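A note on names: the letters A, B, ... follow the listed sequences, proteins ahead of strands, and every chain is numbered from 1. Predicted model, so just to flag it, every value in this text is computed and none were measured.
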2 protein chains.
Amino acid sequence: MSKNKLPTIKEIAKRLNVSASTVSRALHDHPSIGLVTTMRVRKVAQELGYEANKMAIYFKERKTYTIGVIIPDLSEPFFSAALTGIEDAAEASNYNVIIGQSLDNFEREKKIVENMKDHRVDGILVSLTKETSTYEHFDGLKKYNIPVVFFDRVPNRKDINYVACNLVAGMLQAVSKLVAMGHSRIGLINGPAKLAATLQRLEIYFRCLKENNLPMDQDIIVSTTLAKSDNLKAINKLINLEEPPTAVIVFNDYVLLDCIAAVKTAGLKVNKDISFISFANLPIWEYMDSVPLASIEQFANKQSSMAAGFLFKLINNAASPNPVELPLLQHIIDSEMVEYNRSK
Amino acid sequence: MSKNKLPTIKEIAKRLNVSASTVSRALHDHPSIGLVTTMRVRKVAQELGYEANKMAIYFKERKTYTIGVIIPDLSEPFFSAALTGIEDAAEASNYNVIIGQSLDNFEREKKIVENMKDHRVDGILVSLTKETSTYEHFDGLKKYNIPVVFFDRVPNRKDINYVACNLVAGMLQAVSKLVAMGHSRIGLINGPAKLAATLQRLEIYFRCLKENNLPMDQDIIVSTTLAKSDNLKAINKLINLEEPPTAVIVFNDYVLLDCIAAVKTAGLKVNKDISFISFANLPIWEYMDSVPLASIEQFANKQSSMAAGFLFKLINNAASPNPVELPLLQHIIDSEMVEYNRSK
DNA sequence: ATAGATTACGCAACCGTTTGCGCAAACTCA
DNA sequence: TGAGTTTGCGCAAACGGTTGCGTAATCTAT
């Protein structure tokens, strides 16, 4: 029973003693096929439950109507939200989405790219691994006319299509707020030096201090490897200073979760003895008792769906009868602080 | 520049004045091709950077080496973990994964199935919509020889392949623990009646009471539509009883989050004045101050990767030279309670 | 020297559909 | 009635690769 082939156009042709081309045209209401023949073809097609094999068509079109998405880790709400945004955009364009999680591993990222290339996806959306610092594996895709659009974690290069998020905007809002609340000694818990995000946060930190005319003090800048024990060490170092900061900018919400635990253990009150600002805006805060004053929202969904829009633009241009040389598609959206201070 | 076609086997053939079949065989080290010819072919292939077009091969094989995954919502950690399990299994078998989020909407689920069928995936893994109660859209896949394996949210039918989780196991552990701690008045906050999960929890509840020889009291069984306001109403109803339950089994962790907030608002202490047990085992508890005594872990990753294993078994059998009539692949794994009571 | 085996390759079909071109039959008009 | 147009359909190639079968040329053995 499972042996029976699906009805094809040839099968219909055979039954009606016409050619396959006639059947194909009849099914597309081609004017050069007579009404009678068209009707007979449609009838048989109906009876057989014929459906065109899209794979054959796609193969002929040299398209797959599939895009690939490479992201570090789906368990991060940011990326699952991003994927959802992409899926929505893809659905609207009748595209499928195949995913690959790099797990922040460069070799995996390369392998996924290779695999997606083999499967001839029509385009790829990427948010880079933390480890990624060379991009040859993406350059290779040009040969296959597979466009790439990066989002959020984008290469440090100019000649790419991307959508990224400007973290400065949200952080400036947040620090201004801290200052307005009377804070003047604001610390920083940064990430490991090898990450681009770490340098970025350092710059943002300096810039925020400067714009608010705050003094700079190396003592209240610490860093963590992002391991839990190290997160605790970092925050403890700050709160045990003779003159601890009254507010701290934290690398991200995950680090902050550990910091909050440490602060409580030390008998201090969050948002009273010490306030926090962080990056990511995890949905988790909604349910927590102790929350940062604000977390910087980076709009996963917005970034990814815009990146998807860029990608479809590139794909459609390449597929159009006369493709033009598209300018680089680049966009930076502003982050925003999301306030959580419930005492207000 | 983007016009240049990729090198094909025909291109190589033309350059060497041999036939395409010779090239194909040479590239596969077929013994009937002479060493000299083989070398020459390989050399040119190398020079041109030839790579076989997998899509052409897949088309001929009538396979796509792609499986579809239909899940309700990626933002739920359960499903993103499930997807990760599937992706790992797929990668090991050199398969790709295309995803579709049904968003718990039956019509979307149908549409996604249709779409995956069009794309001729080699198989589909499904966790059903809350709304899904008919399954014709899956039956239709038989015609296309697309096997389906359900996981976690499975159809209420016998003739299917599935992996599910037995919630009773974990809940019995949890209730036994409650009883051991001295609780004898255990309430239930259930979900909306139309959900299968609601009936299921009611049965589990009764069974747990019975096995522990606890009295049954309709007053401490309430339900919620799962909306936040309704969650609050439900828990408030319980804590405002003349004789409130000392412990409550809650529909799931999301409902419980609201319950905990309400309990605190009422000035009660979680795990002291009232204890909770819930379903889902969200990773969030790790970071919370107020936690349930235990949450029932349903092993998303384990379920989904086992389901993926089933699926590949079905796919490979169908693709084998002599497919056999496989028995239904069914497995139920036991849930386990995960304790969170940190006071211990 | 000749039958038989071996070596090395090409032809053509196949997967399912689309489409440019050609052509015969029917029709139109002068 | 004959030239020109329209109608309706088939042939064959194309997408890129694989494979069963046929066959010419060379080699082996008697």
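- Evaluation of the salt bridge (charged side-chain N to carboxylate O under 4.0 Å, His left out) rule for A/E11 yields A/R15 as partners, not counting sequence neighbours.
- A salt bridge is defined here as a Lys NZ or Arg NE, NH1 or NH2 lying under 4.0 Å from an Asp or Glu carboxylate O, and A/E91 with B/K111 meets this definition.
- A salt bridge is absent between A/K130 and A/D73: the closest approach of a Lys/Arg side-chain nitrogen to an acidic carboxylate oxygen does not fall below 4.0 angstrom.
- To the nearest angstrom, C1' of D/dG10 lies 13 Å from NE2 of A/H30.
- Under the salt bridge (charged side-chain N to carboxylate O under 4.0 Å, His left out) criterion, B/K117 pairs with A/E51, B/E114, not counting sequence neighbours.
- Applying the salt bridge (charged side-chain N to carboxylate O under 4.0 Å, His left out) test to B/K10 and every residue at least two apart in sequence or in another chain returns nothing.
- Distance check: A/L103 CG to B/D88 CG gives 7.0 Å after rounding to the nearest 0.5 Å.
- There is no side-chain donor-acceptor pair under 3.5 Å between B/S24 and B/S21.
- Fit an axis to the five pairs at each end of the helix from C/dA5-D/dT26 to C/dA30-D/dT1 and the two axes sit 80° apart, to the nearest 10 degrees.
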Please tabulate, one pair per line, each protein N/O and nucleotide N/O from nucleotides 16-19 of chain D that are separated by under 3.5 Å, including the distance.
from	atom 1	to	atom 2	distance (Å)
D/dG16	OP1	A/R62	NE	3.0
D/dG17	OP1	B/Y50	OH	2.8
D/dG17	OP1	B/N53	N	3.0
D/dG17	OP2	B/I9	N	2.7
D/dG17	O5'	B/Y50	OH	3.3
D/dG17	N2	B/K60	NZ	3.4
D/dT18	OP1	B/H28	NE2	3.2
D/dT18	OP2	B/S24	OG	2.7

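- Within 4.0 Å of B/V23, counting heavy atoms only, lies no atom of the nucleic acid at all.
- Under the salt bridge (charged side-chain N to carboxylate O under 4.0 Å, His left out) criterion, A/R42 pairs with A/D29, sequence neighbours left out.
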